[in-house]
> 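Questions regarding the structure given below will be posed in turn.
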Amino acid sequence: MGQAATLPCRRGGSYVMELHEWYRKFIIECPSGLITLHEFQKHFCNGTGGSESAEYAEQIFRTLDNNEDGVVDFREYVMAISMLVEGSAVEKLRWSFKLYDKDRDGAITREEMREIMQAVNKMGVAADLTKPNPLTAEECTNRIFLRLDKDNNAVISLEEFIEGALDDDWMREMLECNPNTVRVERPPGKDPA
């Protein structure tokens, strides 16, 4: 995790070998085979600093921790990262919805959306992963709610989130979790095509 992880390619015979290599690197970074929140924040926030990146890392950690046992094992980690890289748009949006739904009540409030938007923008810019967004987190949140909250009940449901993002390229780009923010990349020369 301290270095860029390489994702296994689902196509071709090299998948098992790549997965094995990825596991080897995971175990080197996390000898217990489990990542705690503190370890995840240490690796994830490396070079991005600030409470926003720590809060965003915590929310990503909670989203990765499917069984809610307080640790992320290799299976949880690799399944989420592989899905973010190779999953369908709907799969990515479902995962992103869980990221934005901080209290896990099945709906995203303006406050939840704004907090994640602030953290993503500040962390991405600090790590030179993204260009500064010309819109503030508040403006992005307002624009998203205007387009997605179809029933005007002040929250965005999973259905509204997915349908709205699929119908609007800007919205999808804003809402899909970008694997670059978790420092994941394919090794050079191992293109799945």
Side-chain angles (χ1 to χ4, degrees), residues 1-5 7 22 25-85 87 91-130 132-133 135-138 140-141 144-145 148 155-158 161-162 165 173-185:
M1 287 185 46
Q3 54 190 310
L7 285 175
W22 210 36
K25 289 179 181 179
F26 181 90
I27 291 299
I28 289 171
E29 293 288 340
C30 304
S32 70
L34 304 170
I35 305 169
T36 65
L37 174 59
H38 176 74
E39 290 169 325
F40 188 78
Q41 285 176 322
K42 183 176 87 174
H43 293 294
F44 186 85
C45 299
N46 185 21
T48 61
S51 62
E52 290 86 5
S53 60
E55 290 171 22
Y56 184 51
E58 181 174 353
Q59 191 56 27
I60 288 177
F61 180 86
R62 303 257 180 258
T63 305
L64 291 170
D65 184 14
N66 285 328
N67 62 1
E68 300 179 18
D69 64 354
V71 292
V72 173
D73 61 29
F74 179 72
R75 182 181 181 278
E76 289 170 319
Y77 186 74
V78 77
M79 286 185 68
I81 301 305
S82 293
M83 183 276 308
L84 288 172
V85 171
E91 289 172 322
K92 291 175 185 180
L93 288 166
R94 277 188 201 284
W95 195 89
S96 293
F97 182 86
K98 290 183 349 188
L99 179 66
Y100 286 96
D101 183 16
K102 292 176 71 173
D103 62 8
R104 296 183 178 201
D105 66 352
I108 301 170
T109 64
R110 282 183 180 275
E111 183 65 18
E112 288 172 323
M113 179 67 69
R114 187 183 54 72
E115 287 175 5
I116 296 292
M117 286 289 168
Q118 283 177 325
V120 168
N121 190 44
K122 288 181 181 177
M123 192 199 76
V125 170
D128 291 327
L129 295 171
T130 60
N133 191 330
L135 299 176
T136 66
E138 189 69 37
C140 284
T141 299
I144 289 167
F145 265 79
L148 297 187
V155 295
I156 297 171
S157 68
L158 175 62
F161 187 85
I162 291 173
E173 185 176 315
M174 290 301 296
L175 297 175
E176 271 186 359
C177 185
N178 180 347
N180 290 328
T181 63
V182 288
R183 298 170 188 244
V184 174
E185 58 188 45

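Computed from a predicted structure; not experimentally measured.
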> CZ/Arg94 to CD1/Ile162 distance, rounded to the nearest 0.5 angstrom?
4.5 Å
> Between Leu175 and Leu148, is there a side-chain heavy-atom distance shorter than 4.5 Å?
yes
> Quick one: does Lys98's side chain get under 4.5 Å of Arg104's, heavy atoms only?
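A side-chain contact under 4.5 Å is absent here.
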> Working note: Met79 + Met83, criterion side-chain contact (heavy atoms from CB on, under 4.5 Å); need CA distance, chi angles, decisive distance, verdict.
CA-CA 6 Å; Met79 286 185 68; Met83 183 276 308; over 6 Å; no
> Show the nearest heavy-atom pair for residues Leu34 and Glu39, with the distance to one decimal.
O-OE1, 3.4 Å
> Looking at Met117 and Cys140, what are the two nearest heavy atoms and their distance?
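The answer is SD-CB, 4.2 Å.
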> Looking at NZ of Lys42 and CD of Glu29, how far apart are the two atoms once the value is rounded to the nearest 0.5 Å?
8.0 Å
> With a 4.5 Å cut-off on side-chain heavy atoms, are Lys102 and Thr63 touching?
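No - every pair of side-chain heavy atoms lies 4.5 Å or more apart.
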> Locate the shortest heavy-atom distance separating Trp95 from Ile60; write the atom from each residue and the value.
CH2-CG2, 4.3 Å
> Atom CD in Glu76, atom CG in Asn66: separation rounded to 0.5 Å?
5.5 Å
> Just verifying a value: how many Å separate Asp73 CG and Leu64 CG, rounded to the nearest 0.5 Å?
10.0 Å
> In terms of ring plane angle, is the pair Phe161 and Phe97 parallel, tilted or perpendicular, where the classes change at 30° and 60°?
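If you compare the ring of Phe161 with that of Phe97, the planes turn out perpendicular.
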> Using the ring pair (Phe, Tyr, Trp, His ring centres under 6.0 Å) criterion, which residues pair with Phe61? Sequence neighbours excluded.
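Testing Phe61 for ring pair (Phe, Tyr, Trp, His ring centres under 6.0 Å), a comparison that skips the adjacent residues, returns Phe40.
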> Report yes if the side chains of Glu111 and Thr141 come closer than 4.5 Å at any heavy-atom pair, otherwise no.
no
> What closest approach, in Å, do Ile35 and Cys30 show between heavy atoms, and which atom pair accounts for it?
CG1-SG, 3.5 Å
> If we only count heavy atoms from C-beta on, is the Thr136 to Arg114 side-chain gap below 4.5 Å?
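No; the side chains remain at least 4.5 Å from each other.
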> Between Ala119 and Tyr56, which heavy-atom pair has the shortest distance, and what is it?
CB-CB, 3.7 Å
> Nearest 0.5 Å, what's the CD-OH distance between Glu112 and Tyr100?
11.5 Å
> Before you tell me yes or no, could you show the steps for Val155 and Asp105 under side-chain contact (heavy atoms from CB on, under 4.5 Å), namely the whole-Å CA-CA distance, both residues' side-chain angles and the distance that decides it to 0.1 Å?
CA-CA 11 Å; Val155 295; Asp105 66 352; over 6 Å; no
> For residues Val71 and Asp65, determine if any side-chain heavy atom of one lies less than 4.5 Å from a side-chain heavy atom of the other.
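They are not in side-chain contact.
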> Working to the nearest 0.5 Å, report the span between CD of Glu138 and CZ of Arg110.
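Result: 7.5 Å between the selected atoms.
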